[in-house]
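Input: a single structure, listed below in structure tokens.
The structure displayed is predicted, hence computed values, not measured ones. We count ligands from 1, going down the list as the structure has it; atoms in each ligand are counted the same way.
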Amino acid sequence: MILVNENYSLLQSSYLFAEIARRIREYESTNPPRKIIRMGIGDVTEPLPSACIEAMHRAVDEMASRDTFRGYGPEQGYAFLREAIAENDFRARGADIAPDEIFVSDGAKCDTANIQELFARDIRIAIPDPVYPVYVDTNVMAGRAGPATDGRYAGLVYLDSTAANGFVPAPPAEPVDLVYLCFPNNPTGATATREQLAAWVAYARANKALILFDAAYEAFIRDDATPHSIYEIPGARECAIEFRSFSKTAGFTGTRCAFTVVPKECRAFTAAGEAVPLHPLWMRRHTTKFNGVSYPVQRAAEAIYTPEGKAQVKSLIDFYLGNAAIVRDAMSRLGYEATGGANSPYIWVRTGMDSWKFFDKALRECQVVVTPGAGFGRSGEGYVRISAFNSRANVEEAMARLSATR
Ligand code: MLT
């Protein structure tokens with residue numbers, strides 16, 4: 001008899017963004033068409049930088065000739081891309097990361113979801129609340145979270161990220177083994193200071209724990225004092241894995257390219273307490289289960305590190321940050337408490353009402369889609385997340401429409 005993975009029945013609801021899409025479809029099917037403005041899922045709207053497009057075109061042409069055609073590439077990514085990443089994203093910031101510590105992949109969502117395969121089932125996991133739901137759901141599927149009561153899983157340690165701590169939780173008093181952190185944060189838009197990250201690294205080293213650091217929104221950091229990488233913190237190489245993505249940095253959500261950094265010193269432990277390096281384990285997993293990102297896409301990603309590419313990425317991010325400022329100001333003018341949006345594409349807005357109710361109200365009365373904070377965890381109740389990924393005209397129209405929520 002084929003037995004099903006019953007852990008799936010412990011999942012709370014459908015995946016957040018699938019549920020939002022379902023509600024939009026249901027609304028659209030029963031209501032006269034007025035343009036819906038989507039500021040829910042963080043999906044980019046602007047075209048790829050021209051440096052990426054040109055590089056991709058050249059790579060496609062190479063695939064058209066026997067002399068330059070390429071079949072399978074290295075699963076971990078081509079050396080040209082890994083070298084550009086190591087140099088520009090890490091060494092240029094004083095973070096000592098080598099090209100062979102970088103694993104190119106098709107998404108930070110997949111990597112943050114898959115990495116938990118490397119760990120034992122009975123580890124203690126700390127999860128911020130609110131949080132990107134992938135971290136929780138993949139551990140539920142793997143049988144690590146146990147049953148849920150009132151929206152919280154018995155097997156997880158929740159780190160409340162609230163206005164009281166500036167949406168940056170401090171390490172817990174109790175020891176945990178695995179910690180998920182995301183800065184700039186999805187969904188709150190908060191950033192962590194060097195001192196706050198240093199406290200997490202010290203905690204991880206003292207407790208033989210591991211930090212999974214999701215830096216998918218790193219390109220939005222404009223404040224010079226804020227670290228872009230956990231590896232800017234001394235000691236992080238032994239206790240942190242970092243996830244990055246070209247999705248939000250350069251508009252690759254549909255093109256797919258990301259990477260994960262696993263330093264050679266990074267370790268987990270056997271039950272007997274012996275340290276085991278994680279780099280060869282992730283190498284084994286990646287080469288067994290993944291066949292690499294396509295050559296034209298890796299060439300397109302490489303192009304963001306050229307002088308033209310850097311300038312184009314900067315103006316792309318500046319554009320979305322301009323949208324974010326419009327959203328934050330408009331929501332503040334309407335009398336909502338609004339944070340984030342300064343070093344992040346997300347604005348976190350306190351609605352003063354149940355967050356799914358606000359979602360429904362914004363959809364039905366304004367035809368604007370936002371993301372209900374409760375979908376990110378209990379501490380997100382009473383908030384919504386507004387994404388700055390949209391055209392300027394849509395952002396302005398959405399803000400004008402949302403005045404009807406007051
Ligand atoms: C989000 O809206 O939180 C993100 O776009 C989801 C993702 O990157 O998978």
_Part of Y346 with heavy atoms under 4.0 Å of ligand 1, whether side chain, backbone, both or neither_ =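 For Y346, only side-chain atoms sit under 4.0 Å from ligand 1.
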
*Counting only heavy atoms not in R267, do more than 12 sit closer than 6.0 Å to its CZ atom?*
yes

*Within less than 4.0 angstrom of ligand 1, does I41 place any heavy atom?*
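So I41 counts as touching ligand 1.
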
So, is [X] polar-close to ligand 1, with some N/O to N/O distance under 3.5 Å?
X: R385; answer: yes
X: D43; answer: no
X: G42; answer: yes

*Could you list the atoms of ligand 1 found under 4.0 angstrom from a heavy atom of N186?*
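Near N186, the atoms of ligand 1 are 1 (C), 3 (O).
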
*Where ligand 1 meets F17 - atom numbers and elements under 4.0 angstrom, heavy-atom basis*: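 Near F17, the atoms of ligand 1 are 1 (C), 2 (O), 3 (O).
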
Is a donor on one side and an acceptor on the other found under 3.5 Å between the side chain of [X] and the backbone of [Y]?
X: R93; Y: E232; result: no
X: Y231; Y: A240; result: yes
X: T68; Y: E62; result: yes

*Write out the residue and atom name of the closest protein heavy atom to atom 7 (C) of ligand 1, then the distance separating them to 0.1 Å.*
Y132 OH, 3.1 Å

*Identify, for atom 4 (C) of ligand 1, the protein heavy atom at the shortest distance, and state residue, atom and that distance.*
K248 NZ, 3.4 Å

*Ring centres of F259 and F103 under 6.0 Å apart?*
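No: the rings miss the under 6.0 Å criterion.
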
*Centroid-to-centroid, F376 to Y132, below 6.0 Å?*
no

*Minimum side-chain heavy-atom gap N88-K310 below 4.5 Å*: yes

